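First comes the structure, then the notes that go with it.
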Amino acid sequence: MTATMSRLDTDGNVVELRGVTKRFSRRRVAVTAVDSVDLTIPSNITFGLIGESGSGKSTLARCLLRLHDVDAGSIFLEGDDITHLRRARLRRVRRRMQLVFQDPYAALNPRMTIEDSVAEPLTELMGIRGRALHAKVRRAIDEVGLAVHHLARYPHELSGGQCQRVGIARALAAEPALVVLDEPTSALDVSVQAQILNLLNTLQRERRLTYLLITHDLDVVRYMANVIGVMYRGRLIETNTAEAIFTEPRQAYTQTLVGTTP
Ligand code: ADP
Ligand code: MG
């Protein structure tokens, strides 16, 4: 069965979620990890998603990336309804949205050189080979602040920050519109975190990327995000500009989270 792809006029918004719901059952007890979430992410911004551990942030991102099937609701990417896409058509939209993982070592194949790791999405998702591939890998590695001599190395020979740069190069290789950053710096040394965040900001400007940034680190979200959504028990309870979330949070939960309880 091929799902028909409907379109929605989303005014240039990269992501539109309508009523997205995801349940898990554990020992026959249903957990609603994501509950009726409506969410809009305009183009070229960083949308920060915050909320305590277990509030459903990662599950929401995995629904959006189509790594989970949703139980209810719709997912639109650049106006296209991707909620029920399968196989070939899903592969095509996967190019447009990529994930940067929290653990940069776990995200890379330990038996692949950095060159092969960066080449993989270019070949798999874009069909690039030979000399064009060689040139693209070099450009990608340069863009994330690594050097040609890193290409022959293996992940365990690189620092955490260098591995995360490789992860970012892989994510950006297929020229996505949306990049999901799930705790992208929380596994890194504090001294390296700012460098990675600055790199992400530079790449966003240069490539007009849209980021969905998931983090429990309020300093990170405040530094990076234009708009912030707050999740609580699977629900998106408040969305506002980053400034407003920190200076005039409306929900009691948000006030507690950002530490402005009157
Ligand atoms: P967060 O990223 O905000 O910490 P998660 O999205 O990881 O939260 O988890 C939300 C809820 O869904 C939690 O109760 C978690 O235990 C549950 N959950 C997440 N993934 C799974 C899964 N694959 N199977 C069963 N339960 C899950
Ligand atoms: Mg998570």
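Everything numeric in this text was worked out from a predicted model, so none of it was measured. Every number for a ligand or one of its atoms is a count from 1 in the order of the listing. As a basis for the values below, the full set of heavy atoms in this structure was taken, side chains included, without hydrogen atoms, waters or symmetry mates.
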(request) Return the orientation label for the Phe24 and His68 ring planes: parallel under 30°, perpendicular over 60°, tilted otherwise. (result)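 Rings of Phe24 and His68: perpendicular, as their planes differ by over 60°.
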
Which protein non-hydrogen atom lies closest to [atom], naming both residue and atom, and how far is it?
atom: atom 8 (O) of ligand 1; result: Gly56 N, 3.2 Å
atom: atom 16 (O) of ligand 1; result: Arg26 NH1, 3.3 Å
atom: atom 12 (O) of ligand 1; result: Ala33 CB, 3.2 Å
atom: atom 7 (O) of ligand 1; result: Ser58 CB, 4.0 Å
atom: atom 3 (O) of ligand 1; result: Lys57 NZ, 2.8 Å

(request) Identify the residue among Lys136, Arg207, Arg208 that makes a salt bridge (charged side-chain N to carboxylate O under 4.0 Å, His left out) with Glu175. (result)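 It is Lys136; the other options fail the test.
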
Can you confirm, on distance only, whether ligand 1 has an N/O atom lying under 3.5 Å from any N/O atom belonging to [X]?
X: Phe24; answer: no
X: Thr59; answer: yes
X: Gly54; answer: yes

Do [X] and [Y] come close enough that some side-chain heavy atom pair is under 4.5 Å?
X: Leu60; Y: Val37; answer: yes
X: His216; Y: Ser186; answer: yes
X: His150; Y: Arg165; answer: no

(message) Quick check on atom 25 (C) of ligand 1 - does any protein heavy atom sit closer than 4.0 Å to it?
(response)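 When distances to the protein are checked, atom 25 (C) of ligand 1 has a heavy atom within 4.0 Å.
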
(message) Distance check below 2.8 Å: does Thr59 bring an N, O or S atom to the Mg ion (ligand 2)?
(response)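 For Thr59, the answer is no, given that no N, O or S atom comes within less than 2.8 Å of the Mg ion (ligand 2).
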
(message) Return the CD1 to CG distance between Ile82 and Leu77, rounded to the nearest 0.5 Å.
(response)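 Nearest 0.5 Å value for the CD1-CG distance: 5.0 Å.
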
(message) One thing to verify: whether Asp38 and Arg18 come together as a salt bridge, which I'm taking to mean a side-chain N less than 4.0 angstrom from a carboxylate O.
(response)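 Between Asp38 and Arg18 there is no salt bridge, as every charged N stays at least 4.0 Å from the carboxylate O atoms.
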
(message) Show me which atoms of ligand 1 lie under 4.0 Å from any heavy atom of Ser53.
(response)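 Going through ligand 1 atom by atom, the ones under 4.0 Å from Ser53 are 4 (O).
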
(request) Quick one: look at Glu52 and ligand 1, take heavy-atom pairs under 4.0 Å, and tell me if it's side chain, backbone, both or neither. (result)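 The answer is the backbone of Glu52.
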
(request) Please determine, by modelled atom types, if Asp182 and Ser58 share a side-chain donor-acceptor pair under 3.5 angstrom. (result)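 A pair is found: one side chain offers a donor N or O, the other an acceptor, under 3.5 Å apart.
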
(request) Consider only side-chain N and O atoms of Asn198 and Tyr223, and report whether a donor and an acceptor are under 3.5 Å apart. (result)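 Yes.
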
(message) I'd like to know if Gly51 contacts ligand 1, where contact means a heavy-atom distance under 4.0 Å to any ligand atom.
(response)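 Judged by the 4.0 Å heavy-atom criterion, Gly51 does not count as contacting ligand 1.
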
